[in-house]
Amino acid sequence: MPQDIYRELQWRGLIHQATDPELGRRLAQEQFVLYCGFDPTADSLHLGGLIQLLGLRRMQLAGHSPIAVMGGGTGLIGDPSGRESERSLLDPEVLEANIADIRRQTERIVDFSPGASQAILVNNAEWLRPLKLTDFLRDIGKHFSVNQMVARDSVRSRLESREQGISFTEFTYMLLQSYDFLHLYNQHNCRLQIGGSDQWGNITYGIELIRKVAGAEAYGLTSPLIEGLGGAKMGKSVGGNVWLDPAKTSPYRFYQHFINVDDAQVGQFLRFFTFLGKEEIEQLEGSLRGAPQRRDAHRALAREVTTLVHGLEEAERAERASQALFGKQITELAEPELLDVLADAPSSRRPHSSLAQGTPLVDLLIEAGLATSRKTAREFIGGGGVYINNTKETDVDRSVGEGDLLHGRYLVLRRGKKNHHLVSFG
RNA sequence: GGUGGGAUACCUAAGUGGCCAAAGGGAGCCGGCUGUAAACCGGUUGCGCAAGCUUCGGAGGUUCGAAUCCUUCUCCCACCA
């Protein structure tokens, strides 16, 4: 009983390109096995990967069976798509460890429990590593035209570049990913590959290979890459990438990233990153237009996505922390509340005795990592960007003493609007 | 293996003996206005309160003085074979 998933994806803006105009109808009529590959070059997925995980899940909810492919084999080679420079090669052990982490993230979103549209997870190292070079060249390589491969954007740009070339290793990457598709077709009757729009080329090669070798019709569907307006990188936030791994991006940071999304992009993000329905999203967009200061859309977005990735409990913690940190005075919080709110903020310890003569605020800022030098620390203070327990402090020579502590031992430092740090004196 | 080009701060990119702690742009950061938005405006981005100190791929040298000249090493790229 597949639903009209294609129209749903269309409405969400999640369709960048499809290899066949008939795909929508097919998806509504028959159950598909589909796959998406995940690159294990880092030990966590980021928001781009999340879109794909959600894509698999959406398909699953519509009655199709997803396969999550860990690129343990392709990761050894490196995908040149969208890269202007050669990748550095990773060790198999590192890849294995990364895959274990990514697998956990995948299991949060996609349902692997037995059922009609059960998902499975495989590692393409299983079939790529045992390949024999000569067999591969005869059976697979024969179907690829170098003329065509060279014409590809990702390859051509590297060939034309004065600074960068492309190694044979990366050049052959597309053969491997194409082979993945063929393999999954043979083993699981997988006939659809989804991915980011940068994967279009790789996907179409796979489809072609399946047609040539197996004489069968396969499909591809890509989603747009998330991008900020004006070309800014949107998968990124303050301090780099937004990861799904809580150890790399805390749930609070994760939540905050969505709270801080541009107004102009909130609607898109609600469609991309949540399962909220059309009506609900349009209502939130209405609120954004009518009462932007309420930030209803941002809050709903942040809450939904954080819940998906980190669970409801973590999402609510992040929500509480955000309210406390940006709303009421933290000086009014009880001790356990205070600690909970700042649980995700960086923190440090300091001997209580060091307060006897008072400790220069400048030094504390440096120790807390909120300033990199005494000079910048002074600039921050002088510029009005430093807060002690959420109260602005502009005296460059300010010293911190016993009287500044909350509950007799805590000090909340803040630089700028969003950077908090908890110092415990004990 | 040969020839040529290159390595400057977070990125990009000027600078080719003193006026260089090093232009410009991007990006970041702080502030203002707002709504933890955008746009815009102001400030800022080696260390030091300062005198001054340490930087221009690494090492060594020439010079009163080097990012700039010389030697050498490492790495990168292109072309040829």
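Chain A is the first sequence line, chain B the second, and so forth, proteins listed ahead of strands; every chain is numbered from 1. In this text the structure is predicted, and so the values were computed from the model without any measurement. Note that these values count all heavy atoms, side chains included, but never hydrogens, waters or copies made by symmetry.
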### Query
Using purine N1 to pyrimidine N3 plus N6-O4 or O6-N4 for Watson-Crick, or N1-O2 and O6-N3 for G-U wobble, both under 3.5 Å, which nucleotide pairs with B:rC53?
B:rG46
### Message
Tell me every residue that passes side-chain hydrogen bond (donor to acceptor under 3.5 Å, both in side chains) with A:Glu107, counting only those two or more places apart in sequence or in another chain.
### Response
none
### Summary
salt bridge (Lys or Arg N to Asp or Glu O under 4.0 Å) pairs touching residues 350-367 of chain A, sequence neighbours excluded, are A:Arg350-A:Glu367, A:Asp363-A:Arg374
### Message
Let's test this: given Watson-Crick or G-U wobble pairing with both distances under 3.5 Å, identify the partner of B:rU3.
### Response
B:rA78
### Query
For B:rA66, which nucleotide is its Watson-Crick or G-U wobble mate, given both distances must be under 3.5 Å?
none
### Task
Keeping to residues at least two apart or across chains, list the ring pair (Phe, Tyr, Trp, His ring centres under 6.0 Å) pairs with something in residues 298-318 of chain A.
A:Phe254-A:His310
### Task
List the protein contact pattern of nucleotides 31-40 of chain B with one symbol per nucleotide (5' to 3'): B for base contact, S for sugar-phosphate-only contact, - for none; contact means a heavy-atom distance under 4.0 Å.
SS-BBBBS--
### Query
When rounded to the nearest Å, what value does the distance between P atoms of B:rG1 and B:rG15 take?
34 Å
Could I get a table of every N or O pair under 3.5 Å where one atom is in the protein and the other is in nucleotides 53-55 of chain B?
none

### Task
Using the C1' atoms only, state how far B:rC20 lies from B:rC56, rounded to an integer number of Å.
10 Å
### Task
With a 3.5 angstrom cut-off on both distances, give the Watson-Crick or G-U wobble partner of B:rU16, or none if there isn't one.
none
### Query
Does A:Phe181 have its ring centroid less than 6.0 Å away from the ring centroid of A:Tyr205?
no
### Task
Not counting sequence neighbours, which residues clear side-chain hydrogen bond (donor to acceptor under 3.5 Å, both in side chains) with A:Trp127? List them please.
A:Asp180
### Same-atom distance (P) from B:rU8 to B:rA14, integer angstrom
11 Å
### Summary
Heavy atoms of A:His407 and A:Leu333 approach each other most closely as NE2-O, 2.9 Å
### Query
Can you list the residues that meet the salt bridge (charged side-chain N to carboxylate O under 4.0 Å, His left out) rule with A:Arg349, with sequence neighbours excluded?
none
### Query
If you measure from the P atom in B:rA38 to the same atom in B:rU54, how many Å do you get, rounded?
42 Å
Please list each protein N or O that sits under 3.5 Å from an N or O in nucleotides 43-52 of chain B, with the distance.
| from | atom 1 | to | atom 2 | distance (Å) |
| --- | --- | --- | --- | --- |
| B:rC47 | OP1 | A:Ser373 | OG | 3.4 |
| B:rG48 | OP1 | A:Arg374 | N | 2.8 |
| B:rG48 | OP2 | A:Ser373 | OG | 2.8 |
| B:rG48 | OP2 | A:Lys375 | N | 3.3 |
| B:rC49 | OP1 | A:Arg374 | NH1 | 2.8 |
| B:rC49 | OP1 | A:Arg378 | NH2 | 2.8 |
| B:rC49 | OP2 | A:Arg378 | NH1 | 2.9 |
| B:rC49 | O5' | A:Arg378 | NH1 | 3.3 |

### Query
Taking the same atom, C1', in B:rC29 and in B:rC10, what whole-Å distance lies between them?
12 Å
### Message
With rounding to the closest Å, how many angstrom separate the P atoms on B:rG65 and B:rU55?
### Response
16 Å
### salt bridge (Lys or Arg N to Asp or Glu O under 4.0 Å) contacts touching residues 394-405 of chain A (sequence neighbours left out)
A:Glu393-A:Arg398, A:Arg398-A:Asp404
### Query
How would you list, by chain and number, every residue that makes a side-chain hydrogen bond (donor to acceptor under 3.5 Å, both in side chains) with A:Glu316, sequence neighbours excluded?
A:Arg303
### Message
Rounding to an integer number of angstrom, what distance separates B:rU16 and B:rA21 when you compare their P atoms?
### Response
15 Å
### Task
Identify, with sequence neighbours excluded, every residue that meets salt bridge (charged side-chain N to carboxylate O under 4.0 Å, His left out) alongside A:Arg12.
A:Glu8
Please report, to 0.1 Å, the donor-acceptor pairs under 3.5 Å made by any side chain of residues 245-252 of chain A, with sequence neighbours excluded.
| from | atom 1 | to | atom 2 | distance (Å) |
| --- | --- | --- | --- | --- |
| A:Asp245 | OD1 | A:Ala247 | N | 2.8 |
| A:Lys248 | NZ | A:Asp43 | OD1 | 2.9 |
| A:Thr249 | OG1 | A:Trp243 | N | 2.9 |
| A:Ser250 | OG | A:Arg253 | N | 3.2 |

### Message
Checking base pairs now: Watson-Crick or wobble, both atom distances under 3.5 Å. What partners B:rC40?
### Response
B:rG32
### Query
Using atom P of each nucleotide, how far apart are B:rU62 and B:rG24 to the nearest Å?
36 Å
### Query
Roughly how far apart are A:Phe144 CZ and A:Glu208 CD, rounded to 0.5 Å?
7.5 Å
